[in-house]
Each structure stands twice: as C-alpha cells, then as structure tokens.
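Heavy atoms only: backbone and side chains are in, while hydrogens, waters and symmetry mates are out. Just follow the structure's listing: the first ligand is 1, and inside any ligand the first atom is 1.
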Amino acid sequence: MSAMVKTFRARDARSALAAVKAALGPDAVILSTQEVSGGLFRKAEIEVTAALDPAAPARQRVARAPLSTPKPAPVRHGAARYAVPPPPAPDDAPGPSLIAEELIALRGAVENVRSQLKQQALAAPAEDVRFPAPVMELFEHLIARGLDEGLAEDLLRLAAGAHGTQPALMWRAVRELLAERLIPSRAPWMPGPRRAIALIGPTGVGKTTTLAKIAARALMESRLKVALITVDTYRIGAAEQVARYGSMMNVPTRVAHTEKELARALEFSRTADLVLIDTAGRSKPDDIARQAQLLRSAPGVDLYLCLSAATGAREVAAAAARYAPLKPSRLIFTKLDEADGPASLVSALGPVGRPIVCVTDGQRVPEDIHALTANELVGLVAGDLQLGRG
Ligand SMILES: Nc1nc2c(ncn2[C@@H]2O[C@H](COP(=O)(O)OP(=O)(O)OP(=O)(O)O)[C@@H](O)[C@H]2O)c(=O)[nH]1
Ligand SMILES: [Mg+2]
C-alpha cells in the first residue's frame with residue numbers, strides 16, 4: 001500500500017496540525033512545515049506537509065525488536081539506518097544510552113520515510129481546481145482574460161468567503177477585490193511638483209517609446225518644461241534613439257555613463273518640471289543591481305517599472321520579482337494591444353504592489369498611452385462577463 005502525502009495550509013501552526021490530525025490521524029508523520037507568503041489575495045499561512053505511511057508501524061517494530069536481543073552492536077551515528085542497540089539493562093527498562101540509540105534509529109527511519117514520501121509527493125500530479133459549475137464559469141472567464149490560475153482561485157475563494165457562491169454577487173466581489181489592488185495614480189505628464197522619473201524594466205518592453213510618449217504629452221497637454229537623460233550606454237544606438245526624440249520635441253537630452261555624469265545631468269536639468277531618465281533593459285540580477293546603484297546615487301529619482309502585458313502571467317510575475325528589490329514606486333504596463341490576456345498584469349502586483357500610472361497600447365507617439373481610472377483598470381482585467389450563458 002502506498003503512503004498518503006497531503007499538504008495542509010492554515011492561518012497558524014496549531015490549526016494546521018489540527019487539520020493534519022483530523023485528516024490523517026495521530027500516526028501522521030510531519031515531513032515539513034514552512035511559512036508561505038499569502039500572495040496577492042491571501043494572508044501568510046503555515047503550510048504543513050504530512051504523510052501517513054502504512055509501513056511505518058512495521059518499521060518501528062523492526063527498530064524496537066533488537067531491544068530484547070542480547071548481542072551488542074555498534075551504533076551508526078546520524079546514519080539513515082536502523083542501529084542495533086545493546087542489551088537491555090537488568091531491570092529491563094532502557095537506560096539513557098539505549099534511549100539515545102533508539103532515538104537515532106527512529107530518526108533514521110523517519111529520514112528514510114521522509115525522503116521516499118517527498119519524492120512521491122513531487123511526482124504526484126497537481127490537484128485540479130474544483131468549483132461548483134456556476135463558479136467554474138467565473139474561473140474560466142478569468143483564466144481566459146489571462147489571470148494566473150492560482151490568483152484566480154484565490155480571488156474566487158476570497159469572493160465566495162465574503163459574499164457566498166451566488167455568481168452575480170461573487171462577480172461583484174471579484175471586481176471589488178480587484179479594485180482594491182489596481183490602484184491608479186496621477187499620470188506623469190500631468191502638472192505637479194518637479195519630478196525626475198527613471199523608466200526601468202526588462203529589455204524591449206517599450207521603455208524608450210513610453211518615455212517619448214510621456215514627454216510629448218507633458219509638452220503638449222500640460223506645457224511642462226521637459227528634459228531627457230539616458231543612462232542606457234549599453235545597447236548600441238540607445239542614446240541616439242533618445243537624442244532623436246529629444247531633437248524632434250526640442251528638449252535637451254544628456255547621456256550619463258557614471259554616477260558623476262548623472263548628477264551633473266540632473267544639475268543641468270534643475271529648471272525642468274519633468275526629467276525623464278531612460279535606462280537599459282537588463283535581465284541578469286547583477287546587471288539590474290549595477291544599474292540600480294547608478295540610479296540610487298541620484299537623490300529624488302523615482303523609479304517607474306515598465307512591464308509588458310503581452311507576456312504571460314508567469315513572465316510578468318518573474319520580471320516584477322527581478323525588479324522588486326529596486327523598490328519601484330509606480331508601475332506602467334505596455335503593449336496591451338498585443339496582450340492576449342491583459343489580466344496577466346495582475347501577477348506584477350504580488351512582487352510590486354504599487355499604483356499604476358499609465359498603460360500603452362501601440363507604437364504611436366504620443367497617442368498610444370493612457371492613464372486609466374480604477375474602474376477602467378478593473379474593466380481591463382475582468383473584462384465583460386455575461387453571466388449564465390452556459
Ligand atoms: N505593439 C506595441 N509596441 C510597442 C509599444 N511600446 C513600444 N513598442 C515597440 O516595442 C519595441 C521596443 O520599444 P523600445 O521603446 O525601444 O523598448 P525598450 O524597453 O526601450 O527596449 P531596450 O531599451 O532595448 O530595453 C519598438 O518596436 C516599439 O515601437 C506598445 O505599447 N505596443
Ligand atoms: Mg530603450
């Protein structure tokens with residue numbers, strides 16, 4: 001008979017262990033416990049993996065049997081084997097060394113069972129998500145919008161917890177929960193106090209194009225005084241790309257290779273209302289960290305993270321996680337026009353839960369950039385759901 005391995009999550013260790021006991025009984029073996037981050041729609045929880053191994057009682061008997069065997073034998077400290085303990089003490093009660101040996105033997109046995117069961121657990125297929133049929137319709141709709149499956153499941157469970165599983169009420173709860181997390185922020189081209197903003201993000205997501213769109217809108221709509229700086233001295237032609245936009249819009253453009261040059265470029269731009277800094281798209285953590293150090297050397301520069309919504313939820317989450325250590329203050333989602341499922345953008349909010357300043361949906365400068373309201377952001381993610389169409 002194969003062992004039963006189950007993972008339990010609860011809000012604290014006591015509840016998790018109670019769940020283990022209720023499901024597997026008092027003979028369950030705890031394989032691991034860890035705190036798991038709750039993600040976007042959950043609080044942190046305790047995760048306990050436990051197993052019930054039908055062979056375990058027999059193995060324990062094997063470990064105990066030699067207690068009554070008269071022959072002494074060496075103990076293998078720390079080895080994942082059953083050690084043979086020395087003969088029992090005259091009064092037949094195990095002495096301290098016997099207990100220690102027994103413990104070592106048991107520890108070895110548990111280690112054996114643990115590693116076997118862990119392998120089984122890894123090989124086991126993931127459980128399918130199961131919801132009642134009307135809720136399944138909501139789930140499938142969210143997945144079709146591009147929302148990560150795990151997040152969709154969490155979101156629906158949270159919505160059901162708040163309002164029950166009546167689909168119309170659940171859908172309203174889903175939209176409310178999304179609205180709490182999709183926070184819009186003032187567009188960078190709107191008038192306001194002087195700002196210096198660096199657009200950071202993976203290669204090719206549209207940082208330079210977005211920078212040009214923001215600059216053009218700031219000039220045309222808000223009549224702001226704009227200055228451009230580029231620290232992208234990595235890609236051939238990158239500085240020229242920014243310089244070309246600068247000359248088309250008639251705004252000063254500077255290139256900075258070092259912390260000193262960046263400080264000087266910012267000093268030259270001190271009379272501008274809006275300073276936009278273009279950066280190189282990098283993917284390796286070391287390169288990202290080096291660029292971060294350069295940007296951090298300049299006080300008062302806000303980092304806006306640009307992520308392409310045209311990549312899937314996993315890629316969005318991974319890119320956001322790579323840039324999270326830089327602590328970006330705002331998010332920009334690009335390439336919505338190419339996004340099969342725009343709800344993939346929600347996956348950025350776990351690693352970088354910051355307000356969204358704008359989205360872009362095309363190559364045209366400056367037309368294809370938009371500051372969305374909270375309602376529009378929810379609409380973009382949740383889409384239009386006609387309930388009960390089957
Ligand atoms: N479809 C679409 N294309 C876009 C959008 N924004 C930028 N692009 C295109 O994406 C390509 C890359 O844009 P860039 O602005 O150079 O991207 P980047 O992030 O600066 O690239 P690196 O500096 O090389 O990291 C160009 O062809 C842009 O025209 C958008 O919203 N939608
Ligand atoms: Mg660029």
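- Salt-bridge annotation for Arg157 and Glu153: present, with a side-chain N of the basic residue lying under 4.0 Å from a carboxylate O of the acidic one.
- Nearest protein heavy-atom neighbour of atom 10 (O) of ligand 1: Lys335 NZ, 3.2 Å.
- No donor-acceptor pair under 3.5 Å is formed between the side chain of Arg145 and the backbone N or O of Gly341.
- Given atom 16 (O) of ligand 1, the protein heavy atom at minimum distance is Gln241 NE2, 3.3 Å.
- For the atom pair Asp278 CG and Asp232 CG, the distance stands at 6.0 Å (nearest 0.5 Å).
- With a 4.0 Å heavy-atom cut-off, ligand 1 is reached by the backbone of Asp361 but not by any atom from C-beta on.
- The parts of Thr209 lying near ligand 1 are both backbone and side chain, judged by heavy-atom distances below 4.0 Å.
- The shortest separation from a heavy atom of Ala238 to ligand 1 is not under 4.0 Å, leaving the residue out of contact.
- For atom 31 (O) of ligand 1, the closest non-hydrogen atom of the protein is Thr360 OG1, 2.6 Å.
- Remark: ligand 1 and Gly206 share an N or O pair separated by less than 3.5 Å (distance only, no angle test).
- In terms of modelled atom types and a separation under 3.5 Å, the side chain of Arg217 and the main chain of Ala215 share no donor-acceptor contact.
- Protein heavy atom nearest atom 30 (C) of ligand 1, with residue, atom name and distance: Gly362 O, 3.2 Å.
- For the ligand labelled ligand 1, residue Arg282 lies outside the 4.0 Å heavy-atom shell.
- Each of the following atoms of ligand 1 lies closer than 4.0 Å to a heavy atom of Gly281: 25 (O).
- Remark: the backbone N or O of Val48 is not paired with any side-chain donor or acceptor of Gln34 at under 3.5 angstrom.
- Evaluated by nearest non-hydrogen atom to atom 1 (N) of ligand 1, the leading choice among Val242, Asp337, Thr208 is Asp337.
- For Gln241, every N, O or S atom stays at 2.8 Å or more from the Mg ion (ligand 2).
- Thr230 places no side-chain N or O within donor-acceptor distance of the main-chain N or O of Val255, the cut-off being under 3.5 Å.
- In this structure, Glu267 pairs ionically with Arg270, as a charged nitrogen and a carboxylate oxygen lie closer than 4.0 Å.
- If you run side chain to side chain contact (heavy atoms under 4.5 Å, CB included) between Leu305 and each of Leu199, Leu326, Leu331, only Leu331 comes through.
- In this structure, a donor-acceptor pair under 3.5 Å is absent between the side chains of Thr279 and Lys207.
- The closest protein non-hydrogen atom to atom 18 (P) of ligand 1 is Lys207 N, 3.4 Å.
- Of the protein's non-hydrogen atoms, Arg235 NE, 2.8 Å is the one closest to atom 24 (O) of ligand 1.
- Of all protein heavy atoms, the one closest to atom 22 (P) of ligand 1 is Gly204 N, 3.6 Å.
- Remark: minimum distance from atom 9 (C) of ligand 1 to any protein heavy atom is reached at Gln363 NE2, 3.8 Å.
- To the nearest 0.5 Å, atoms NE2 (His370) and CG (Leu380) are separated by 10.5 Å.
- Panel note: side chain Arg354, backbone Lys327; no donor-acceptor pair is recorded below 3.5 Å.
- For Glu338, every heavy-atom contact with ligand 1 shorter than 4.0 Å involves the side chain, none the backbone.
- For ligand 1, the atoms lying closer than 4.0 Å to a non-hydrogen atom of Asp232 are 23 (O).
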